[in-house]
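In what follows, a structure is listed as structure tokens, so that the remarks can point back to it.
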Amino acid sequence: MLTEPRSGRLAAWGNALLAGLVSPDDAVLAIVGEDAAHRVEGLPGEPAPVGLTLALGRLRALGVTALRVALPAPGHPLGLSGPPEFNARALEAEEAVVCHGAAFGLVPEVHEAGPAGDVHVEVVWHVLPVREAPPADVPSLGEAERELAEALRDATEVLSKLDVAGSGPVAEAAIDAYRARAERGREVLAPGYPPRAVRVLELAQRVGLLVSLAYENGHGGAVSASEMAARGAALRPVERTARRALVAAYDSVVEERERGR
């Protein structure tokens, strides 16, 4: 979770477009980001892949009113509602977008080419049927914020005892890079999202960064098998909570809309 999931960008800016808050060009530019191109394959009535602008317009015409995010992991189908075929594709990609208002989902397939430092990235979003049912294990925004604060406090205490909280020059450089990216792009969500969603998303991203650093730094001070097990036990629930918070933040506009009905 060091980088923003592509499903998050598609859902956030797609929701802003569907709500009439941004232009198609601005939405597509934000969704593509630093990638070279995004295409959408499998849209009803389209025999070949199409660009994002056409795809988002076609989804609206098919009845899509909003987009949700799924960030599943093994044993945790976060944001998914089936069927098994879609769930399997989403789990393999570790992310997906689920349409609200029409039974479609989109799973990204990422193609990379080129040398390190000059990688050319193209993304193909595959449109698949989904089951119209509540998404799995997605908390409300308020629940996510409370859970994230509690998990971060508990994990920080355990990781500090084990000397694996993300210290040293590598960790410091990664944190500095994260802060620099955050300062360059303060608009972490698209227009139309509540301030609380922005706050939850930023906290979840910071927590995800610290969890990743703790894993990447090896065993740190956890030299015994029991200490290594304790580190894993501390990291797994906080990483799961951070993913749930990310999904809650991206889905918050849908949550607000449903609550207002």
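Without hydrogens or angle criteria, Glu41 side chain to Trp125 main chain gives no donor-acceptor distance under 3.5 Å. A donor-acceptor contact shorter than 3.5 Å links the side chain of Glu143 to the backbone of Ser140. The main-chain N or O of Glu147 is never found under 3.5 Å from a side-chain atom of Thr241 such that the two would form a donor-acceptor pair. The main-chain N or O of Ser81 is found under 3.5 Å from a side-chain atom of Arg131 such that the two form a donor-acceptor pair.
Checking Glu122 against His111 by side-chain atom types alone, no donor-acceptor pair falls below 3.5 Å. Looking at Glu112 and His120, their side chains never bring a donor and an acceptor atom within 3.5 Å of each other. In this structure, a donor-acceptor pair under 3.5 Å is absent between the side chains of Asn15 and Tyr250.
Within a 6.0 Å radius of CD in Glu92, other residues, nucleotides and ligands contribute 12 heavy atoms or fewer.
By the 4.5 Å heavy-atom criterion applied to side chains, Leu203 and Arg199 are not counted as neighbours. Val123 places none of its side-chain heavy atoms less than 4.5 Å from the side chain of Glu109. Counting heavy atoms from C-beta outward, Pro74 and Leu91 have side chains that approach closer than 4.5 Å. You'll find the side chain of Leu62 reaches within 4.5 Å of the side chain of Pro44, heavy atoms only. Side-chain contact check for Tyr193 versus Ser252: some heavy-atom pair is nearer than 4.5 Å. Contact of the Thr65 side chain with the Val254 side chain is not registered, since no non-hydrogen atoms from C-beta on lie closer than 4.5 Å.
The structure places CD of Glu145 at 11.0 Å from CD of Glu150, a figure rounded to the nearest 0.5 Å. Expressed to the nearest 0.5 Å, how far CG of Leu56 lies from CH2 of Trp13 amounts to 13.0 Å. Atoms CG and CG, from Leu71 and Leu78 in turn, are 6.0 Å apart once rounded to the nearest 0.5 Å. If you take CG on Leu235 and CZ on Arg240, they are separated by 14.5 Å, rounding to the nearest 0.5 Å. For the atom pair NE2 (His126) and CG (Leu43), the distance works out to 12.0 Å, reported to the nearest 0.5 Å. Here CZ of Phe104 is found 12.5 Å from CG of Leu67. Values are rounded to the nearest 0.5 Å.
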Inset, instruction - Would you please test Gln205 and Leu246 for side-chain contact (heavy atoms from CB on, under 4.5 Å) and show each step? - result: CA-CA 8 Å; Gln205 288 173 338; Leu246 284 175; 4.0 Å; yes

Inset, instruction - Take Leu128 and Glu85, measure what side-chain contact (heavy atoms from CB on, under 4.5 Å) needs, and give me the verdict at the end. - result: CA-CA 9 Å; Leu128 302 166; Glu85 295 80 5; over 6 Å; no

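Taking a cutoff of 4.0 Å between a charged side-chain nitrogen and a carboxylate oxygen, Glu239 and Arg243 qualify as a salt bridge. Between Arg6 and Glu95, no side-chain nitrogen of the basic residue sits less than 4.0 Å from a carboxylate oxygen of the acidic one, so the salt-bridge criterion is not met. A salt bridge links Arg9 with Asp35; the closest basic N to acidic carboxylate O contact falls under 4.0 Å.
Of all the heavy atoms in Asn87 and Gly82, the pair that sits closest is OD1-N, 3.1 Å. Contact detail for Arg60 and Leu18: the closest heavy-atom pair is NH1-O, 3.4 Å. Between Val50 and Ala55, the shortest heavy-atom contact is CG2-CB, 4.0 Å. Ala136 and Pro77 get closest at one heavy-atom pair: CB-O, 3.3 Å. Val97 and Ser7 make their closest contact through CG2-O, 3.5 Å (heavy atoms, listed as atom of the first residue, atom of the second, distance). Considering every non-hydrogen atom in both Ala249 and Leu201, the closest pair reads CB-CB, 3.9 Å.
A chain of hydrophobic side-chain contacts below 4.5 Å, direct or via other Ile, Leu, Val, Met, Phe, Trp or Tyr residues, connects Val138 to Val253. Hydrophobic cluster membership differs between Leu29 and Val22, with clusters built from Ile, Leu, Val, Met, Phe, Trp and Tyr side chains linked at under 4.5 angstrom. One hydrophobic cluster holds both Val64 and Leu10 under the rule that ILVMFWY side chains link at heavy-atom gaps under 4.5 Å. Under the 4.5 Å side-chain contact rule for hydrophobic residues, Leu59 and Ile31 share a cluster. Linking ILVMFWY residues whenever their side-chain heavy atoms come closer than 4.5 Å, directly or via other members, leaves Leu148 and Leu141 in distinct clusters.
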